[in-house]
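Note that ligands are numbered from 1 as they come in the structure, with each ligand's atoms numbered from 1 the same way.
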Amino acid sequence: MDINSRICPLQWLRYQKQKLLWDESWIIDFWTIKQDHEARLTTGSIMSVPMAHSDSNTSCMTALSSCVGQPGNRKTLFTCTGIYDGRTVAIKKIQTKTFSLSRTIRQEVKQIRELDHPNLCKFIGGCVEVPNIAIVTEYCPKGSLNDILLNEEIPLNWGFRFSFATDVARGMSYLHQHRICHGRLKSMNCVVDDRWVCKITDFGLRTYRRNDGAEPLSTYHQRLMEVYMPPEFQNTNMEPTLAGDVFSYSIILLEIATRNDPVPAEESNLESTWCPPLPELISSKSDNNCPCPADYVELIRRCRSHNPVQRPTFDQIKKFVQRVNPVKVSPVDMMMNLMEKYSKHLEVLVAERTQDLMLEKQKTDRLLYSMLPKQVADDLRQGKPLQAQSYVSATVFFSDIVGFTQLSCSSTPYQVVDFLNKLYTTFDDIIDNYDVYKVETIGDAYMVVSGVPQENGILHASEIASMALDLVGVCRTFRIPHKPSMQLQIRAGIHSGPLVAGVVGTKMPRYCLFGDTVNTASRMESTSLALKIQCSSSVFYLLEEIGGYVLECRGTLQVKGKGDMITHWLVGKQTSLVSRDTKTTKHITMETETAMKEKERELYAPIPGFLNNDDLLLDQS
Ligand SMILES: Nc1nc2c(ncn2[C@@H]2O[C@H](COP(=O)(O)OP(=O)(O)OP(=O)(O)O)[C@@H](O)[C@H]2O)c(=O)[nH]1
Ligand SMILES: [Mg+2]
């Protein structure tokens, strides 16, 4: 009874093992694997492999793969993937003309089906019908470790690099514990999943993988094989060994440190025993530098010892890497930290860019506001229809340079531009002190208005008057740059009256003034004299009302298109302060000319010559 109870479980175990050996649930009908469109479109599935590489992918079935050639000895292709059982799988096609599901292959399959480790790529199944012999494994979307290390666009700090080194050591340690030697360990056989976990692939199934239809190896692939081959394997046909895998791991450590292809780029006749030089790692606290360069290089040196016995085991390596790695967090946590840092950096960047944008906007605003009145510019920007606006009373100023034509003849164009620029910059600075709007400069003429676009009662007359006095005043001291001994003389004229203001045109829109007031102001200037400011009667009355200005009557002037006008010279300001509190707009210019003339006569009767003159003219009319 006792014996029976002990034998039965043993028999049962043996039976189970046999059952697993003959179990065929892993066999996949090749045609049940669906084509995967999505995986091909993701960048993670793009990978580089050596040109003319005799791997299964180059000759994989067109239905499930797509290859894109690139110049040089490497090429980019999409991994051969498909959809099986609702998930994306990697398909390794084997080029063979014959295949029989032998006991050896069944044993190989059984061996790897028993493996389960987070750093081993899972075996999903296999296709066993010639010509579609394939091994189907878990698909790791980020590509191989080789793809990632050689992709300069992926920033990899040493936290990630150590994480890869540890993952490979863990996976290999597990494989060796199960007495499985990889034999083809290389960065291309380490793949990275979407959580940045590195997994070893293409281990085991040695008989299953044997291919009789393989193309000959390219020089590159030949060199790659040699670089990874332990020295004790040179010129022999040895079976893979545990120590041999450790040597191959040293090359992966080198690739992790240098992020370079272990095979030199240029064709060279290197000895077959050639080994890539040890990396020169700089020690620093920065994430981009190895935190323990001496330990890391020492590990490579030990793993590639010529004497296989002196190489450490993967269990020792695993513990060593874990000990020297200061970063203890998982790749996902590292990713989160990086993303947090990145988003903070982005916030700073956005704030900086917004600031730059604001400064640029201020610049364009300044430019726009210097060309159009603010309100008009804002309306234009918002696409509002612009309507001309009429003003009952405003004062217009014109000035012109006396003898400008002569001056221009005796100067170079550059000197003229330079002179006008200096003069009008001086003028522009002065007018900033007044409630006026500069309409434009027309050649040597300077035109200013007050009471438009912002109404200001009757103060427009005094604002323009004071400004005009300042402008004429500055001319007395202004030096023409290229003619310093010459006295600059301007003629100025002012007139107040109603006008209409608006923007005309869509290209180079300008704010223009219309109405007789503008013409009259211009006439006041053209009939004025050097360094004098001629004012019409309307200005005169307004200034009288405001007070504080000294005006002299010039007399009656025959003005083209206007007839006779009594005009005044604005001489200066009285010493007492000008009253600035008169805000009421008076429609003086709306009064009839005759009424005004009557008023003028009354006011200026005592002035000798005034009445006579006027009487004379009136008599004539
Ligand atoms: N994204 C992704 N790429 C893979 C996966 N497995 C393999 N690859 C890629 O496919 C390329 C070719 O793989 P293989 O056909 O196994 O060829 P190999 O690894 O160079 O050589 P051996 O496996 O030694 O024959 C590798 O370089 C990887 O870039 C995977 O699971 N996911
Ligand atoms: Mg492989």
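The number of heavy atoms from other shown groups lying within 6.0 Å of CE (Met225) does not exceed 12. No more than 12 heavy atoms of other residues, nucleotides or ligands lie within 6.0 Å of OH in Tyr342, so this atom counts as exposed by the packing criterion.
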- Passes side-chain contact (heavy atoms from CB on, under 4.5 Å), Ile83 versus Gln35? Steps please. CA-CA 6 Å; Ile83 308 272; Gln35 193 169 345; over 6 Å; no

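Distances from ligand 1 to the non-hydrogen atoms of Glu138 include at least one value under 4.0 Å. Ligand 1 is never approached by Arg209 to a heavy-atom distance shorter than 4.0 Å.
Short contacts between ligand 1 and Asp147, defined as distances under 4.0 Å to a heavy atom of the residue, involve ligand atoms 29 (O). Residue-ligand proximity, Arg184 to ligand 1, at heavy-atom distances under 4.0 Å covers atoms 22 (P), 24 (O), 25 (O). Less than 4.0 angstrom separates some heavy atom of Ala90 from each of these atoms of ligand 1: 31 (O). Interface of Lys92 with ligand 1, defined as ligand atoms under 4.0 Å from a residue heavy atom, comprises 6 (N), 7 (C), 16 (O).
Listed for the Asn189 side chain is a donor-acceptor partner under 3.5 Å among the backbone atoms of Arg184.
Ion pair Asp365/Arg381 flagged as a salt bridge, since at least one NZ, NE, NH1 or NH2 atom sits closer than 4.0 Å to an Asp/Glu carboxylate oxygen. A salt bridge links Asp378 to Lys374: one of the charged nitrogens lies within less than 4.0 Å of a carboxylate oxygen.
When the Mg ion (ligand 2) is compared with the N/O/S atoms of Asp202, atom OD2 turns out nearest.
Under the 4.5 Å side-chain criterion, counting only non-hydrogen atoms from C-beta, Ile135 is in contact with Leu205.
Remark: ligand 1 and Lys186 share an N or O pair separated by less than 3.5 Å (distance only, no angle test). Considering backbone and side-chain N/O of Thr137, none are found under 3.5 Å from N/O of ligand 1.
Relative to atom 1 (N) of ligand 1, the option among Ser144, Cys140, Gly183 with the closest non-hydrogen atom is Cys140.
Look at Asn189 and the Mg ion (ligand 2): an N/O/S atom of the residue is under 2.8 Å from the metal.
Contact annotation for Met188 and ligand 1: heavy atoms of both the backbone and the side chain come within less than 4.0 Å of the ligand.
Of all non-hydrogen atoms in Pro240 and Arg206, the two that sit nearest each other are CG-NH1, 3.3 Å.
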